Amino acid sequence: MANNTRSLCARSAAALTIAEVQLKHRSLNVVMAAFLPQLNDNERSFYQQLCYGVLRLHPTLIFLGNQLLKKPFKNKDADIAALLLTGLYQLRDLRTPSHAAISETVNAAKKLGKQWATGLLNACLRNYQRQQTELEAQLQHDPVAGTAHPEWLLQQYQSDWPDHWQQITQANNQQAPMMLRVNRQQASRETYLQQLLQQDIDATALRDCDDGVLLSKACDVNALPNFETGMASVQDGAAQLVIKMLDIQPDQHILDACAAPGGKSCHILEQHPDNTLIALDISAERLKQIEQNLSRLQLSAQLKAADASDTDAWWDGELFDRILIDAPCSGSGVIRRHPDIKLLRRPEDITSLAHTQQQLLDKLWPLLKADGLMVYTTCSAFKKENEQQIEAFLQRHPDAKELRFEQAPATARPYGYQRLPGDDVMDGFYYACLRRS
């Protein structure tokens, strides 16, 4: 799929990006980071919209595409297969005028150097227009296509949440709203809301999040007042609620065990910047993101590249007042923000992730002071990673007690709290707070 990237448009770049995710199982964010700088400013937003939208509805669009094709594309033409999906997405889910959706998608094939595909794309998209009612009706008879979720993921939601799986899958297929966290070291939320208003950016205070702001419409961070000087950060409200559970006080020694990209580390320090915070991450490359965020927010922490569960490799022997384990997980609560999870995650990953989570809990627990707090959180909606994980931990550690909160961060479960996708405007998240006796 070699290509002269300088000639790319939003549609052809989106096709190449989607093909990379499909074929090479690469992260959408990683692939997009390579393409965005090569597009004109006026193309970038539409390019992102196409990438996110097509991957969000990928099983549905694949089903529709298969009904329109006489035979599937070969791997070497994965870019054209993806381009067909972008055309279908424009016709059924965007307000792109149909003539423009078809003609510009056809033209994008030329930019990919595949003139032969123009007639095929034109015929498929026009046939979809003619047969749309019948094709869309067929979706109702195919659970995977109808919900736009791979079969294993759909079955896991149905198993864990038999009364809520439809709400979850519908929420996963929506575009996520944009939320901000105001840096209380620089401004109050009320002050920042006034600054947004002065810039004609419509926003409201985010319920239950002391520093949270909900934008009525997503915008470029560079349009946000004083973003570059650290007055605000982009962070979902569900992630912001973690700080309340940690109950940060002055003069504390704190560990953020899986810290990248650093949103929660920064939020911890915004509460009390003089606290000592060790921000660990297994990836030295991802630590650079934390460093950049700390620098922009004018905060400081000790950054260490290490496997948090290998305590001999990094721990200096000083016990912690607070430990945050934002554990590696399936991401099954944040698919609306990371739709490539539908293509990249596999059912066997859940068992492996659950083992990693258990290791982190067991290895880090002895590093907590008596009466200290450990908060375990994931952006998963799966019980195996969440309440079942904490139930088993409490059985293994008699010196651990789960704290329950009068002002719950989400729906109370037998162990911890679960916010499902679709519960409200926030992401799906799980929380448990453990005190050491």
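Predicted, not measured: the structure shown is a model, and the values here were computed from it. What's counted below: heavy atoms across the whole structure, side chains too, no hydrogens, waters or symmetry copies.
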More than 12 foreign heavy atoms under 6.0 Å from [atom1] of [X]: is that the case here?
X: K304; atom1: NZ; value: yes
X: Q249; atom1: CD; value: yes
X: E151; atom1: CD; value: no
X: Q155; atom1: CD; value: yes
X: R207; atom1: CZ; value: no
X: N42; atom1: CG; value: yes
X: E285; atom1: CD; value: no

Ignoring hydrogens and geometry beyond distance, is a side-chain donor-acceptor pair present between [X] and [Y] at under 3.5 Å?
X: D256; Y: S265; value: yes
X: Q90; Y: T105; value: yes
X: N226; Y: Q186; value: no
X: E385; Y: Q357; value: yes
X: S233; Y: N183; value: no
X: D307; Y: S309; value: yes

What's the shortest heavy-atom distance between [X] and [Y], and which atoms?
X: L196; Y: V213; result: CD1-CG1, 3.9 Å
X: T411; Y: D423; result: OG1-OD2, 4.3 Å
X: M32; Y: C51; result: SD-CB, 4.2 Å
X: L39; Y: A10; result: CD2-N, 4.2 Å
X: I62; Y: Q22; result: CD1-NE2, 4.0 Å
X: I341; Y: G331; result: CD1-O, 3.3 Å

- Message: What verdict does the side-chain hydrogen bond (donor to acceptor under 3.5 Å, both in side chains) test give for T351 and K384, after you've listed the backbone C-alpha separation in whole Å, the side-chain angles of each residue and the deciding distance to 0.1 Å?
- Response: CA-CA 8 Å; T351 300; K384 187 171 184 175; 3.1 Å; yes

- Query: Only one of M426, R336, K217 forms a side-chain contact (heavy atoms from CB on, under 4.5 Å) with P177, so which one is it?
  - Reply: R336

[Y] side chain reached by [X] side chain, heavy atoms, under 4.5 Å:
X: V234; Y: M179; result: no
X: L91; Y: S98; result: yes
X: R11; Y: L50; result: yes
X: L280; Y: C258; result: no
X: Y430; Y: Y415; result: yes
X: H253; Y: L319; result: no
X: C266; Y: R296; result: no

Mind checking what makes side chain to side chain donor-acceptor pair (under 3.5 Å) contact with [X], not counting sequence neighbours?
X: D163; value: none
X: E43; value: none
X: Q240; value: none
X: E318; value: none

- Between D211 and R189, is the closest basic N to carboxylate O distance under 4.0 Å? no

- Query: Is the shortest side-chain N to carboxylate O distance from R184 to E270 below 4.0 Å?
  - Reply: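 Result for this pair is no, no salt bridge flagged.
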
- Query: Is there a side-chain hydrogen bond (donor to acceptor under 3.5 Å, both in side chains) between N172 and H149 once you walk through the steps?
  - Reply: CA-CA 9 Å; N172 286 347; H149 283 67; 3.1 Å; yes

- Step-by-step side-chain hydrogen bond (donor to acceptor under 3.5 Å, both in side chains) determination, D281 to Q289: CA-CA 11 Å; D281 201 86; Q289 293 177 281; over 6 Å; no

Looking at [X] and [Y], would you say the former's side chain and the latter's main chain have a donor-acceptor pair under 3.5 Å?
X: D79; Y: A15; value: no
X: T377; Y: D326; value: no
X: E402; Y: C433; value: no
X: R345; Y: S330; value: yes

- Check salt bridge (Lys or Arg N to Asp or Glu O under 4.0 Å) between D210 and all other residues, then give those that pass, not counting sequence neighbours.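 Scan of D210 (salt bridge (Lys or Arg N to Asp or Glu O under 4.0 Å), adjacent residues dropped) gives K244.
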
- Message: Give me each pair satisfying ring pair (Phe, Tyr, Trp, His ring centres under 6.0 Å) with a member in residues 277-313, each pair once, sequence neighbours excluded.
- Response: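 Ring pair (Phe, Tyr, Trp, His ring centres under 6.0 Å) check on residues 277-313 returns no pairs.
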
- Item | Pairs where residues 164-211 contributes a residue and the test ring pair (Phe, Tyr, Trp, His ring centres under 6.0 Å) is met, not counting sequence neighbours | none

Who are the ring pair (Phe, Tyr, Trp, His ring centres under 6.0 Å) partners of [X], not counting sequence neighbours?
X: F393; answer: W365, H397
X: F429; answer: Y431
X: H25; answer: none
X: F382; answer: Y157

Rounded distance [0.5 Å steps], [atom1] in [X] versus [atom2] in [Y]:
X: L246; Y: Q252; atom1: CG; atom2: CD; answer: 9.0 Å
X: L215; Y: L224; atom1: CG; atom2: CG; answer: 6.5 Å
X: I323; Y: I325; atom1: CD1; atom2: CD1; answer: 6.5 Å
X: L85; Y: I80; atom1: CG; atom2: CD1; answer: 11.5 Å

- Could I get the full list of side-chain contact (heavy atoms from CB on, under 4.5 Å) partners for S27, not counting sequence neighbours?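 side-chain contact (heavy atoms from CB on, under 4.5 Å) check on S27 returns N29, V30, D340.
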
- Message: Please evaluate residues K288 and N293 with respect to the criterion side-chain hydrogen bond (donor to acceptor under 3.5 Å, both in side chains), reporting the C-alpha separation (whole Å), side-chain torsions for both, the decisive distance (0.1 Å), and the verdict.
- Response: CA-CA 9 Å; K288 293 176 184 175; N293 284 324; over 6 Å; no

- Query: Has K383 got its NZ or CZ under 6.0 Å from the middle of the six-membered ring of W161, at an angle within 45 degrees of the ring axis?
  - Reply: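 Here K383 passes the 6.0 Å and 45° test against W161.
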
- Query: Can you tell which of D424, D427, D236 makes a salt bridge (Lys or Arg N to Asp or Glu O under 4.0 Å) with R419?
  - Reply: D424

